[in-house]
Amino acid sequence: MTHSAAPIVPTGSRSAFLAEALDLLGERGLTTDPERMDAWLTDWRGRYTGRALALASPASTAQVAALLRLCAAHGVPVVPQGGNSGMAGGATPDASGDAIILSLRRMDAIRSLSSEAGQVVCEAGVILQSLHEAADRAGMRFPLTLGGKGSATIGGLIATNAGGTQVLRHGTMRAQVLGLEAVLADGSVLDLMTPLKKDNRGFDLKQLLIGSEGTLGIVTAGCLRLLPAPVGRVTAWVGLGGIVEARTLQRRMERAMGDALEGFEVVPAHCLASVLAHQPAARAPLAGPHAWHALVECVSSAQDTAALRDTLEAALADALGEELIADAVIAANDTQAEAFWALRDGISAAERALGPAMQHDISVPVEKMPEFILAAVPDVESAFPGTRAVAFGHLGDGNVHFHVLAPEGAVRGVWEEAEGKAVSARVYDLVTRWGGSISAEHGIGQMKVDELARLHDPAALAVMRAVKRALDPAGLLNPGKLLA
Ligand SMILES: Cc1cc2nc3c(=O)[nH]c(=O)nc-3n(C[C@H](O)[C@H](O)[C@H](O)COP(=O)(O)OP(=O)(O)OC[C@H]3O[C@@H](n4cnc5c(N)ncnc54)[C@H](O)[C@@H]3O)c2cc1C
């Protein structure tokens, strides 16, 4: 949904607010210039465009706190924003032009990093890629990564409880956050930074903030866990006859590789063909055509690459001998491994180039995923003739991206609003019937607010709304997101 971006002309209390905010943040920290704001008013997928009263970029937690006190006093809504790489429109303001965007990007300091403690303290605006590089320099590693790592910030990753391609072994962002600092709607600073292994002083408030999508507080910093840098890494591309075989292979890999199994992604033939058509320099890793492919990655800080390769080779040879898999190749080096990952990471962009589509980031219990895919693909395709449904991604986490491509000739921007909405409702009904979630890792944002209200457990929604009222009684933090 798009809105026209006419400049906002502030009056009365809004003018007074802007003058006080400018006093607080200075010209570097506050702008109402439409050109400087423009890039931040549309989400990454280009599905939502809003308007904003101003773009505020505080430089410290103290400035965030003072700004929120000012917003509370003047009743100004706040839309927190990190790298704006979110997939659910959560960081995009609405069309009213009433809200400010609160960008955390200027707060990009790594306050401390200790390889001894295995901890790093980052401000909210630190970009994931920068954290990886800092950890690497210290002989350590931050065990979460995703395709948007060049833009996604620590604050955004915490606020969306991001997942990515290493969740199978290391968990989502929830598992990485040892402590956090946040500013609440009234401007008070919640200091939950002390990383204690055991702490039973009642509610775990940091977990309440993680995944709250900017609706309960502004994350200003996080204390995150680091692991020793790996000494071994091995990556394989496997050709398979079906998704059931892929799940069986995953269980085999878990047993053969133990803790080293870090990623298990699935790619159907249609997705690989789209990527190869979209990236002319890319090559299929295997010679023959296969209905499904699995990308397997094993990483260890105890075993070196040669040892990992031997174990993986033996496990794949067994699977080949038993005809569980049709073919497999192990990357000869890091460059080839990266080329395999580029095929996996290129799917979203390649599918987008094919025309309009509805994307669904869904999960069901891991063991039911093959059965779900086998039932849901024909169900959707027969209910909406001409559409094509594809499922790819994090099979090992029971999470796939279920994309439904529009029939040939459908008009982008029109089909999504008409038949596309009915397609999504059908997918989410199916997922709910299978005991799954309509948002596995991207969050609810503004994209799924109505579907969450329609399908989530009413008692759970009532608790979420009560928490929201308690922490943000005036409803100023990210209005219209997550909860209707
Ligand atoms: C190519 C690509 C691949 C991706 N792959 C994955 C993937 O595999 N797994 C996955 O989970 N995600 C993935 N994403 C989505 C995205 O990167 C994550 O959702 C990420 O966490 C968003 O971070 P951000 O800093 O860009 O947040 P934004 O997009 O700026 O904001 C996201 C949400 O968090 C809120 N927010 C942002 N910062 C703060 C803060 N400091 N305090 C409070 N609230 C805040 C916003 O209001 C919004 O609701 C991908 C994105 C891209 C572009």
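Just follow the structure's listing: the first ligand is 1, and inside any ligand the first atom is 1.
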List the residues meeting salt bridge (charged side-chain N to carboxylate O under 4.0 Å, His left out) with E123, not counting sequence neighbours, and say none if there are none.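 Once residues adjacent in sequence are excluded, the partners of E123 under the salt bridge (charged side-chain N to carboxylate O under 4.0 Å, His left out) criterion are R111.
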
Closest protein heavy atom to atom 3 (C) of ligand 1, given as residue, atom name and distance to 0.1 Å: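 Among all protein heavy atoms, the one nearest atom 3 (C) of ligand 1 is G148 N, 3.3 Å.
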
Shortest protein heavy-atom distance from atom 6 (C) of ligand 1, along with the residue and atom involved: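 Residue, atom and distance for the closest contact: L146 CB, 3.7 Å.
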
With a 4.0 Å cut-off on heavy atoms, does V79 reach ligand 1?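 V79 does not count as a contact of ligand 1 under the 4.0 Å cut-off.
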
Should the pair [X]-[Y] be classified as a salt bridge under the 4.0 Å nitrogen-to-oxygen rule?
X: D94; Y: R51; answer: no
X: D43; Y: R47; answer: no
X: E262; Y: R141; answer: yes

Record the part of L104 in heavy-atom contact with ligand 1 below 4.0 Å; permitted values are side chain, backbone, both and neither.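 L104 to ligand 1: side-chain contact only, backbone stays beyond 4.0 Å.
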
Tell me the contacting part of T220 for ligand 1: side chain, backbone, both, or neither, using a 4.0 Å heavy-atom threshold, strictly below.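 T220 to ligand 1: no contact under 4.0 Å from either part.
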
N/O of A162 under 3.5 Å from N/O of ligand 1, yes or no?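 No: no nitrogen or oxygen of A162 is under 3.5 Å from one in ligand 1.
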
Counting heavy atoms only, name the option from [options] that's nearest to [atom].
atom: atom 42 (N) of ligand 1; options: V219, V183, L216, I347; answer: V219
atom: atom 38 (N) of ligand 1; options: G156, A221, G90, G147; answer: G156
atom: atom 33 (C) of ligand 1; options: L477, T160, T215; answer: T160

By the ring-ring contact (aromatic ring centres under 6.0 Å, His included) test, which pairs, at least two apart or in different chains, include something from residues 58-104?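 Found F17-H74.
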
Using side-chain hydrogen bond (donor to acceptor under 3.5 Å, both in side chains) as the criterion, point out the one residue from R233, R344, Q166, R169 that pairs with E297.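 For E297, the side-chain hydrogen bond (donor to acceptor under 3.5 Å, both in side chains) test succeeds with only one of R233, R344, Q166, R169, which is R233.
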
Suppose I only count heavy atoms of [X] and a 4.0 Å limit; which atoms of ligand 1 are within that range?
X: H442; answer: 10 (C), 12 (N), 13 (C)
X: G217; answer: 43 (C)
X: G214; answer: 43 (C), 44 (N)

Could you check whether any side-chain heavy atom of L157 comes within less than 4.5 Å of a side-chain heavy atom of L128, counting everything from C-beta outward?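 Heavy-atom side-chain distance check passes, below 4.5 Å.
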
Looking at side-chain heavy atoms only, is the closest gap between R225 and Q119 below 4.5 Å?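 Contact flag for R225/Q119 side chains = no.
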
